[in-house]
Amino acid sequence: MENNQLNQPKKTNNTGLNPLLTILLLLIISVLTYVFILGADSNFVPLSEADIKNGLSASEGDPRNVMGIIHQGGVIVPILMTFALMVIVFSIERFFILSKAAGTKSISQFMTEIKTALEKNEINYAIELCDQQKGSVGNVVKECLLNYKNLGIDQTLNKEQKLNSLNQTIEEAVTLEMPSLEKNMNILSTIASVATLVALMGTVMGMIRSFFALGDGGGSPDAAALSKGIAEALINTALGIGASALAIIAYNYFTSKIDNLIFKIEEIGFIIQKSFNSKH
């Protein structure tokens with residue numbers, strides 16, 4: 001009983017970023033950027049004395065650069081900026097976590113070394129290689145090799161039961177590693193679909209603003225107000241599509257890396273099972 005508890009697969013401690021705190025921090029950064037950087041007076045054409053008397057702020061004037069143009073997108077812009085920053089930050093986090101999970105050496109090299117050690121029946125050396133490799137790959141393979149070693153001296157199970165035990169060890173170890181590998185991936189997939197919807201809301205708000213300009217102008221609509229409404233709509237559309245596109249690319253890339261990692265682990269597991277089958 002005690003041996004079974006000791007041989008249970010252990011989960012890698014790859015915690016990653018706290019999603020709630022990270023999102024809140026990025027939202028604050030986006031709002032501050034929108035107000036104080038994009039909304040800086042230097043990004044807009046100075047107002048006339050008449051506009052100043054009417055109570056208009058500098059950020060309500062005509063933009064003179066790209067930052068001023070983005071600011072004209074309205075209150076939806078900070079949300080879309082938060083989405084874009086989330087994609088960048090969580091992508092960087094996933095990159096380092098998955099790189100760490102793969103271990104210190106390339107998986108192909110590690111797999112070759114494990115195969116060579118098993119062919120020479122050097123189980124202890126193979127376990128040492130796992131300690132050197134580290135990461136999810138090293139941990140999973142180490143659990144399999146420890147079970148391999150124990151099953152080699154176990155006289156209570158037949159060969160088929162031992163092979164089933166090895167297979168079960170691989171499956172359990174991979175199952176324990178999956179949550180740490182896939183953490184925050186749901187955020188990227190959510191942004192991929194939600195960013196376009198939020199952008200659509202900003203687009204609709206801009207078009208509503210344009211139609212109000214048409215209605216208020218009567219027979220001669222205010223061209224400036226009309227253009228600002230259309231600009232607001234297009235800015236939100238562009239930011240939303242950009243954030244969504246980044247999220248889709250990042251999600252597919254990291255999903256592919258995770259699938260490849262799991263495939264390599266299962267391939268090494270097959271090598272271990274094949275070696276056990278031929279030597280016992």
Side-chain angles (χ1 to χ4, degrees), residues 9-34 38 70 73-103 106-107 135-137 139-140 170-206 232-267 269:
K10 297 178 182 179
K11 181 180 178 182
T12 303
N13 187 24
N14 291 334
T15 54
L17 296 175
N18 183 296
L20 184 60
L21 292 178
T22 303
I23 293 171
L24 181 60
L25 178 61
L26 293 178
L27 178 60
I28 293 173
I29 292 173
S30 298
V31 171
L32 293 177
T33 301
Y34 175 77
L38 299 181
I70 295 175
V75 294
I76 301 297
V77 169
I79 300 175
L80 296 175
M81 288 173 59
T82 303
F83 287 158
L85 289 176
M86 285 167 60
V87 172
I88 295 171
V89 170
F90 286 116
S91 294
I92 294 173
E93 180 237 15
R94 283 297 90 195
F95 177 81
F96 284 109
I97 290 294
L98 293 179
S99 297
K100 184 179 179 181
S106 70
I107 300 179
S136 297
V137 175
N139 290 339
V140 171
I170 297 169
E171 292 178 353
E172 290 178 353
V174 170
T175 300
L176 286 174
E177 293 294 335
M178 285 301 291
S180 64
L181 296 178
E182 294 183 337
K183 184 179 180 182
N184 297 331
M185 288 292 292
N186 59 332
I187 294 177
L188 293 177
S189 64
T190 301
I191 293 174
S193 54
V194 171
T196 52
L197 296 177
V198 175
L200 179 61
M201 183 170 64
T203 302
V204 172
M205 291 173 62
E232 178 181 340
L234 295 178
I235 290 167
N236 283 294
T237 301
L239 290 176
I241 291 174
S244 179
L246 286 175
I248 292 171
I249 293 171
Y251 180 80
N252 289 333
Y253 172 74
F254 290 117
T255 298
S256 176
K257 286 201 70 172
I258 292 171
D259 290 342
N260 183 62
L261 200 62
I262 298 302
F263 175 78
K264 291 294 186 182
I265 291 174
E266 291 176 345
E267 189 174 356

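Please read all numbers here as calculations on a predicted model, not as lab measurements.
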Distance from [X] atom [atom1] to [Y] atom [atom2], nearest 0.5 Å?
X    : Y    : atom1 : atom2 : result
L17  : L26  : CG    : CG    : 9.0 Å
L98  : E182 : CG    : CD    : 10.0 Å
N184 : I23  : CG    : CD1   : 8.0 Å
I265 : N260 : CD1   : CG    : 10.0 Å
K183 : I97  : NZ    : CD1   : 8.0 Å

Item to check | Positive for side chain to side chain contact (heavy atoms under 4.5 Å, CB included) with P78, one of L32, I29, V31 | outcome: V31

How close do [X] and [Y] get, heavy atom to heavy atom, and via which atoms?
X    : Y    : answer
L261 : A101 : CD2-CB, 3.9 Å
I107 : V137 : CD1-CG2, 4.0 Å
I187 : P19  : CD1-CB, 3.8 Å
V87  : L188 : CA-CD2, 3.9 Å
L20  : N18  : N-OD1, 3.2 Å
F83  : I191 : O-CD1, 3.8 Å

Checklist outcome for this item: Residue pairs passing the side chain to side chain donor-acceptor pair (under 3.5 Å) test with at least one member in residues 236-257, sequence neighbours excluded, are T203-T237

Checklist entry - Which pairs pass side chain to side chain donor-acceptor pair (under 3.5 Å) with one or both residues in residues 188-198, sequence neighbours excluded? => result none

Checklist entry - Would you say the side-chain atoms of R94 pair up with the backbone N or O of L181, donor to acceptor, closer than 3.5 Å? => result yes

Next on the checklist: Tell me if a side-chain donor or acceptor on E177 pairs with a main-chain N or O of S136 at a distance below 3.5 Å.
Outcome noted: no

Checklist entry - Taking the side chain as C-beta and beyond, is there a heavy-atom pair between V89 and E93 under 4.5 Å? => result no

